[in-house]
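A quick write-up on the structure given underneath.
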Amino acid sequence: MSEERSLNFIEEIVEEDLAAGKNGGRVLTRFPPEPNGYLHIGHAKSICLNFGLAKKYNGQTNLRFDDTNPVKEDVEYVDSIKEDVKWLGFEWANELYASDYFDNLYDFAVLLIQKGLAYVDDSTAEEIAAQKGTPTEPGKGNQYRNRSVEENLQLFADMKDGKYPDGAKVLRAKIDLASPNMLLRDPLMYRIKHAHHHRTGDKWCIYPMYDFAHGQSDAIEEITHSICTLEFVPHRALYDLFIKELEIFPSKQYEFARLNLNYTVMSKRKLLQLVEDGFVDGWDDPRMPTISGLRRRGYTPASIREFCERIGVAKRENMIDVGLLEFCIREDLNKTAWRRMAVLDPVKLVIDNYAEGQTEILHGENNPEVEGGDGSREIPFGKELWIEREDFMEVPPKKYFRLGIGTMVRLKNAYIIKGESVVKDADGNITEIHCTYIPESKSGSDTSGINVKGTIHWISTEHAKEAEVRMYDRLFQVEDPSNEDGDFKDYINPNSLQILDKVYIEPDLANAVAGKPVQFIRKGYFTLDKNSTAGKLVFNRTVTLKDGWVKK
RNA sequence: UGCCUGAUAGUAUAAUGGUAGUACGACGGUUUUUGGUACCGUUUGUCUUGGUUCGAAUCCAGGUCGGGCAACCA
């Protein structure tokens, strides 16, 4: 493995803690998604970090749903999140929910009220915002701030008992209205929401805010290293403060820079818009940066884990080139995907000196990268073939080493041929290419002594099967759609999906199975889409092959 | 105008006071029955100004630039 890889800053912290004997050598992390959307590649970074850390240091990781806002959350999301984490190859120690702790959290709130550190405020949201001041002006208090402990206790109990409508009252921490950290200006701890919760049903009508739930949840589980993204840095003061005042397990929060990928968007809000406004075919559209989208596109768990390993973990803002993700999937699939032939844009090729009606069964390796071989399949060959339109040129430029009139090329796994003539329709489009073949040049028993520079793929017209192929490209035309003027949706790539409804594939591909990626030789990696049926195969292009041939 | 936070090749990420390295990309080459893969080589970097030091990417001070903070979201 990568034993000599240097440590990232969080691993350094863990190793220091371990060396200092902190937590008795125990490492317990957590992955805390809110079940209000599907997981995306940015979450994958966090998942790999949290679960990877635990794995590396003989610890464990809890999967904890941060479900403190019932109006936005749903079991549909819980299920998809669990599926995605599992698919990525990780196992959680415990499946937990912040809502499991609503009783504890309520008791914690009561405790803070008793300590004079929390109060019930009757102000409206607007009034509270106005009283908070601005980053440069201190906030102001109000009359509710001086309520007695007894009154606060009673009012908070009444809030819980449903005596007030939504928004009538909130519980606030009494900290410092003049703090330079806006989050410390008496933050809300609880709000009233008469809403049905996906787990606790109608038991509660008050729900804790993130800041009054997350740190305490970590503490209850005795999480040793609570890792989150940079935007939570200012929240750390609150995180530590509540833990200190409640005298509970001192979990520690550490922050890293979230992943940004170019040519896509990563916020759940924006992804939801793409889904709801029909710009994509659901959360798992192969163009989406969601885990489910990448899975449908043909990405493998190993490739995503490798990607997360390569991008590193640090505290500076970053924008990762999607090319790195593509490198990772190519690297993985090159070693595992079976090679097959498919002609995406067909033109007919006739071999003039090959006997009419003759057929041969040729053989092609499944994967030349596998040492010792990975078996082979049979490929029928005949007088008439489909080849790629772009693999022939009547007047080839100097560095073109595919087929031309008078030039030779090898048909993959078959014979060397020489272009002879073309047939065109009234518009001048080539409808047929005629060639001759060299009988002694058969793959595996070539005695022709001829060396050709190019090799092209082909399908026997008599034996060809048909399939639909979906060619995907980046969803956006600009690197950072969120940072452009106007609406990010204005920058969607109109050619992000090109459907080829009549692609010729070799007969063996009729055996293609979902979840087993194939390489269409010289074209890229493809995988069967979930819309595929026995009667109609549908392939998604995962990624092209790297193209070293740049014209001109 | 406040507070927090960060700055190393095009993009990421190391170097923890002692030779600025690695990966991806780009470019060039070798091999090749995939213009793929593999292998080899080249290219480009410490935000700025001072200071401390024999020696600074690293420590200190000022500046510049980026990100975040005033949701009954997480």
Side-chain angles (χ1 to χ4, degrees), chain A residues 4-8 12 32-34 36 66-69 71-73 98 121 123-125 128-139 166-172 179-185 188-193 206-207 209-211 213-214 228-237 255 257 262 268-269 309-321 323-328 330-331 334-335 339 341 364-365 368-369 399-402 409-414 416 441 443-444 446 451-457 519-524 544-550:
Chain A
E4 65 278 11
R5 202 194 99 238
S6 54
L7 304 178
N8 64 49
E12 282 182 5
E34 182 188 13
N36 68 343
D66 228 331
D67 55 351
T68 58
N69 187 1
V71 303
K72 287 189 178 173
E73 297 152 8
D121 191 330
S123 308
T124 63
I128 290 178
Q131 289 162 7
K132 267 202 179 159
T134 68
T136 52
E137 301 165 57
D166 288 6
K169 287 180 165 46
V170 290
L171 183 69
R172 288 228 256 170
S179 172
N181 181 347
M182 297 296 294
L183 293 167
L184 258 26
R185 321 250 266 223
L188 271 61
M189 294 161 60
Y190 267 93
R191 76 286 215 194
I192 300 170
K193 275 181 196 280
I206 57 171
Y207 292 93
M209 299 288 291
Y210 168 86
D211 284 312
H214 201 98
C228 61
T229 46
L230 250 28
E231 68 267 30
F232 291 97
V233 168
H235 293 254
R236 192 174 61 231
E255 311 87 7
N262 59 9
K268 281 195 218 171
R269 202 192 97 250
E309 183 70 29
R310 283 174 180 264
I311 58 178
V313 177
K315 299 188 81 148
R316 66 186 89 105
E317 297 287 329
N318 60 79
M319 173 73 80
I320 308 284
D321 192 329
L324 183 61
L325 220 207
E326 296 176 344
F327 167 83
C328 292
R330 286 191 188 107
E331 183 188 44
N334 175 50
K335 289 180 293 195
R339 313 291 133 117
M341 293 194 285
E365 285 181 292
E369 297 300 314
K399 282 290 187 59
Y400 187 85
F401 35 87
R402 279 114 96 157
V409 75
R410 173 173 290 281
L411 293 171
K412 178 77 181 173
N413 296 128
I416 292 173
S441 67
S443 281
D446 185 348
N451 266 322
V452 291
K453 191 83 174 143
T455 300
I456 63 174
H457 57 281
Q519 182 195 102
F520 288 175
I521 289 173
R522 303 206 302 134
K523 284 292 154 191
T544 61
L545 252 31
K546 194 174 152 192
D547 191 358
W549 190 57
V550 273

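In what follows, chains carry the letters A, B, and so on, assigned in the order in which the sequence lines appear, proteins first and then strands, with residues in each chain numbered from 1.
Of the possible polar contacts, none joining the A:Glu331 side chain to the A:Phe327 backbone as a donor-acceptor pair under 3.5 Å is found.
Donor-acceptor pairing under 3.5 Å, judged by distance alone, is absent between the side chain of A:Arg522 and the base of B:rU34. Side-chain atoms of A:Glu326 and base atoms of B:rG25 include no donor and acceptor less than 3.5 Å apart. With hydrogens and angles ignored, no donor-acceptor pair closer than 3.5 Å exists between the side chain of A:Arg316 and the base of B:rG67.
Using a 4.0 Å heavy-atom distance criterion, A:Gln519 is classed as a base contact. Contacts of A:Glu34 with the nucleic acid, taken as non-hydrogen atoms under 4.0 Å apart, involve only primed sugar atoms and P, OP1 or OP2. Among the heavy atoms of the strands lying under 4.0 Å from A:Val170 is at least one base atom, whether or not backbone atoms are also near. If you check every strand for non-hydrogen atoms under 4.0 Å, A:Pro33 touches nothing.
Comparing B:rC3, B:rG25, B:rG6 by their nearest atom to the side chain of A:Pro180 picks out B:rC3. Looking at the side chain of A:Ile311, the nearest of the listed nucleotides B:rU34, B:rA12, B:rA70 is B:rA12. Of all nucleotides listed (B:rG6, B:rA74, B:rG2), B:rA74 comes nearest to the side chain of A:Asp66.
With RNA chain B read from its 5' end, the first of the two nearest nucleotides for A:Thr124 and A:Asp321 is the one closest to A:Asp321. The residue among A:Arg191 and A:Lys132 whose nearest nucleotide of RNA chain B lies closer to the 5′ end is A:Lys132.
Put simply, CZ on A:Phe327 is 8 Å from C1' on B:rA23, counting in whole angstrom units.
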> According to the Watson-Crick and G-U wobble definition with distances under 3.5 Å, which dot-bracket string, read 5' to 3', encodes RNA chain B, using [ ] for crossing pairs and | for pairs with another strand?
Replying inline: .((((((..((((....[..)))).(((((.......)))))....(((((..]....))))))))))).....
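Residue A:Lys453 places no side-chain N or O under 4.0 Å from the OP1 or OP2 atom of B:rU31. At the phosphate of B:rC73, neither OP1 nor OP2 sits under 4.0 Å from any side-chain N or O atom of A:Thr68.
A:Ser179 and A:Asn181 form no side-chain donor-acceptor contact under 3.5 Å, judged by distance and modelled atom types alone.
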> How far apart are the C-alpha atoms of A:His214 and A:Thr68, what are their side-chain angles, what is the distance that settles it, and do they pass the side-chain contact (heavy atoms from CB on, under 4.5 Å) test?
Replying inline: CA-CA 9 Å; A:His214 201 98; A:Thr68 58; over 6 Å; no
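Aromatic ring pairs are classed by plane angle as parallel below 30°, tilted from 30° to 60° and perpendicular above 60°; the pair A:Tyr210 and A:Phe232 is tilted.
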